[in-house]
Amino acid sequence: MLAKTVRIVPQARAAIVERFGKYKGTLPAGLNIVVPFIDKVRYLIDLREQVVSFPPQPVITEDNLVVSIDTVIYFQVTDPVAATYEIANYIQAVEQLTMTTLRNIVGGMDLEQTLTSREEINNGLRGVLDEATGKWGIRVNRVEIKGIDPPPSIKDAMEKQMRADRDKRALILSAEGQRQSAILTAEGNKQSAILNAEGERESQILRAQADREAAILRAQGEGQAIQTVFQAIHDGQPDQSLLAYQYLQMMPKIAEGDANKVWVIPSEITKALEGLGSSIHEVAGIPRDATPRTRVDMGPSEPQLPRSSDDPETRATSEAVQAAIAEAANAANPGRTARSIDPAATATETDGLQGPSGPAGEPTDPGASAGQ
């Protein structure tokens with residue numbers, strides 16, 4: 001009697017009580033008391049959210065391909081009375097409703113769209129199931145598709161297509177990379193060629209300028225050297241003896257070498273040899289008078305004496321030396337008047353003594369000067 005009177009309902013459960021086979025009430029969770037032998041607990045309904053996984057179901061797509069789809073449904077009983085008396089087995093009803101709705105949705109899609117539109121399929125299933133199961137006291141919270149498996153032949157074709165697509169993308173990317181590499185290489189070669197050409201041009205310009213300046217300086221130097229030698233020759237007025245001596249110096253050079261068995265003596269050498277011993281014959285272009293036009297100043301012949309100093313001993317020595325020089329000059333030139341000799345005056349007088357004129361101002365003989 002006590003066992004039939006007291007009923008304990010677990011948490012998140014609901015008990016349906018019938019009296020004489022008619023719905024009497026719903027017992028909540030906890031301790032409940034019923035009338036024994038009159039009230040009877042017929043069903044115990046679970047009010048928690050439930051997860052039901054259905055086996056794969058074949059579905060035909062719009063392009064007549066059969067695919068297997070696995071679904072998972074999350075639902076919860078909100079009205080135990082409706083879930084008990086409105087439908088006999090609400091889990092089976094949800095399964096069948098899910099399959100029919102899924103075939104209806106996927107039948108309007110092709111295989112490519114079916115594989116890429118899972119979210120759209122889930123939302124469509126949830127809307128239809130929630131509307132259909134509302135009167136059963138059930139609320140569908142979520143519908144998920146676990147997997148879509150096409151036939152093996154379709155899988156193979158899809159893999160080949162995907163592989164071909166990836167190979168095409170790889171080839172495209174490789175071609176793009178090669179094109180970019182070729183463009184960059186060409187641009188680099190172009191810039192390098194331009195810079196090399198500019199550098200070569202500047203180098204040639206600088207080299208040409210350097211060659212021109214070197215040629216100008218070389219020509220100027222040669223011209224100055226020729227002009228200096230020519231001027232020195234004309235200023236020196238060489239005679240036949242000098243020319244004959246130069247010819248004699250050239251004769252050993254003509255005879256140099258082991259292969260020189262026979263060599264010809266120029267006719268000018270014979271004339272030069274004749275002019276070396278006699279002054280009767282003359283070589284054309286060589287003057288007889290070889291007196292230099294200009295003389296080279298070799299400096300004073302007399303020693304330069306220091307000027308008077310503040311030291312008495314040095315001053316006395318300088319005066320004695322000047323007196324000796326004056327006496328020597330008087331002895332050499334009796335007709336001149338002795339005078340005090342200054343170092344600068346002495347140098348001037350000495351230069352005068354060495355000039356072309358004699359002691360009395362008479363011109364000297366050019367022949368004598370040449371002989372000397």
Side-chain angles (χ1 to χ4, degrees), residues 7 9-19 21-29 32 40-155 157-158:
R7 291 286 183 173
V9 179
Q11 182 67 33
R13 302 288 195 280
I16 303 298
V17 178
E18 293 180 354
R19 178 174 291 180
K22 183 180 178 181
Y23 173 73
K24 171 64 172 60
T26 303
L27 299 180
N32 297 281
K40 182 180 180 180
V41 177
R42 177 66 64 179
Y43 301 101
L44 188 62
I45 306 300
D46 193 350
L47 300 179
R48 295 174 297 177
E49 186 174 2
Q50 301 179 36
V51 180
V52 179
S53 177
F54 302 119
Q57 298 295 326
V59 180
I60 301 176
T61 60
E62 187 179 9
D63 49 358
N64 298 324
L65 293 176
V66 180
V67 295
S68 297
I69 300 178
D70 296 343
T71 57
V72 178
I73 297 179
Y74 299 82
F75 67 95
Q76 184 179 9
V77 177
T78 58
D79 189 357
V81 178
T84 302
Y85 297 105
E86 293 294 334
I87 188 168
N89 189 348
Y90 58 84
I91 294 178
Q92 185 179 3
V94 170
E95 180 182 0
Q96 295 300 323
L97 183 59
T98 301
M99 291 298 103
T100 56
T101 306
L102 187 61
R103 287 189 178 95
N104 187 20
I105 295 174
V106 175
M109 299 180 180
D110 55 4
L111 180 60
E112 187 72 21
Q113 191 176 3
T114 302
L115 295 175
T116 58
S117 303
R118 293 195 176 190
E119 189 66 25
E120 183 179 352
I121 296 173
N122 292 337
N123 293 332
L125 283 174
R126 180 182 176 185
V128 173
L129 292 176
D130 195 14
E131 182 181 358
T133 59
K135 62 180 180 179
W136 298 340
I138 298 173
R139 183 180 62 190
V140 178
N141 296 327
R142 190 176 184 87
V143 179
E144 293 291 341
I145 296 177
K146 292 196 300 183
I148 301 176
D149 297 328
S153 60
I154 302 301
K155 284 185 178 180
M158 292 175 62

So how far is it from [X] [atom1] to [Y] [atom2], rounded to the nearest 0.5 Å?
{"X": "I145", "Y": "N122", "atom1": "CD1", "atom2": "CG", "answer": "4.5 Å"}
{"X": "I121", "Y": "E144", "atom1": "CD1", "atom2": "CD", "answer": "11.5 Å"}
{"X": "I91", "Y": "F54", "atom1": "CD1", "atom2": "CZ", "answer": "8.0 Å"}
{"X": "R126", "Y": "E131", "atom1": "CZ", "atom2": "CD", "answer": "13.5 Å"}
{"X": "T71", "Y": "L125", "atom1": "OG1", "atom2": "CG", "answer": "7.5 Å"}

Q. Within a reach of under 6.0 Å around CD1 of I60, are more than 12 heavy atoms found that belong to other residues, nucleotides or ligands?
A. no
Please give me the minimum heavy-atom distance between [X] and [Y], naming the atom from each residue.
{"X": "I138", "Y": "F75", "value": "CG2-CD1, 3.7 Å"}
{"X": "T114", "Y": "T61", "value": "OG1-CG2, 4.0 Å"}
{"X": "D70", "Y": "P55", "value": "OD1-C, 3.9 Å"}
{"X": "I148", "Y": "P150", "value": "O-CD, 3.4 Å"}
{"X": "Y23", "Y": "I16", "value": "CD1-CG2, 3.7 Å"}
{"X": "A14", "Y": "P80", "value": "CB-CG, 3.8 Å"}

When the side chains of residues 101-111 are checked against the rest of the protein, which donor-acceptor pairs come out under 3.5 Å, sequence neighbours left out?
unit_1: T101; atom_1: OG1; unit_2: L97; atom_2: O; d: 2.7
unit_1: R103; atom_1: NE; unit_2: P58; atom_2: O; d: 3.4
unit_1: D110; atom_1: OD1; unit_2: Q113; atom_2: N; d: 2.9

**Q.** Non-neighbouring partners of R118 that pass side chain to side chain donor-acceptor pair (under 3.5 Å), sequence neighbours left out
**A.**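 In terms of side chain to side chain donor-acceptor pair (under 3.5 Å), with neighbours along the sequence ignored, R118 is linked to no residue.
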Q.
For R19, give me all partners under side chain to side chain donor-acceptor pair (under 3.5 Å), at least two apart in sequence or on another chain.
A.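 R19 satisfies side chain to side chain donor-acceptor pair (under 3.5 Å) with D39 once adjacent residues are dropped.
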Q. Please walk me through it: do I87 and K135 pass side chain to side chain contact (heavy atoms under 4.5 Å, CB included)?
A. CA-CA 9 Å; I87 188 168; K135 62 180 180 179; over 6 Å; no
**Q.** Counterpart residues, side-chain contact (heavy atoms from CB on, under 4.5 Å), relative to V41 (two or more places apart)
**A.** R7, A15, V17, L27
Q: Can you run down the salt bridge (charged side-chain N to carboxylate O under 4.0 Å, His left out) pairs that involve residues 74-102, sequence neighbours left out, and say none if there aren't any?
A: none
Q: Check the pair Y90 / T133 against side chain to side chain contact (heavy atoms under 4.5 Å, CB included), numbers first and verdict last.
A: CA-CA 9 Å; Y90 58 84; T133 59; over 6 Å; no
Q. So, Q76 side chain and L47 main chain: donor-acceptor pair closer than 3.5 Å or not?
A. yes
Q: Say whether, by atom type as modelled, one donor and one acceptor occur between the side chain of T78 and the main chain of G137 under 3.5 angstrom.
A: yes
**Q.** Selection residues 40-60 - residue pairs positive for side-chain hydrogen bond (donor to acceptor under 3.5 Å, both in side chains), sequence neighbours left out
**A.**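 Qualifying pairs: R13-D46, E18-R42, D46-R48, E49-N141, S53-K146.
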Q: Assess whether side chain to side chain contact (heavy atoms under 4.5 Å, CB included) is satisfied between V94 and V52, documenting all intermediate values.
A: CA-CA 9 Å; V94 170; V52 179; over 6 Å; no
**Q.** Test log, rule side chain to side chain contact (heavy atoms under 4.5 Å, CB included), inputs V81 and I45
**A.** CA-CA 9 Å; V81 178; I45 306 300; over 6 Å; no
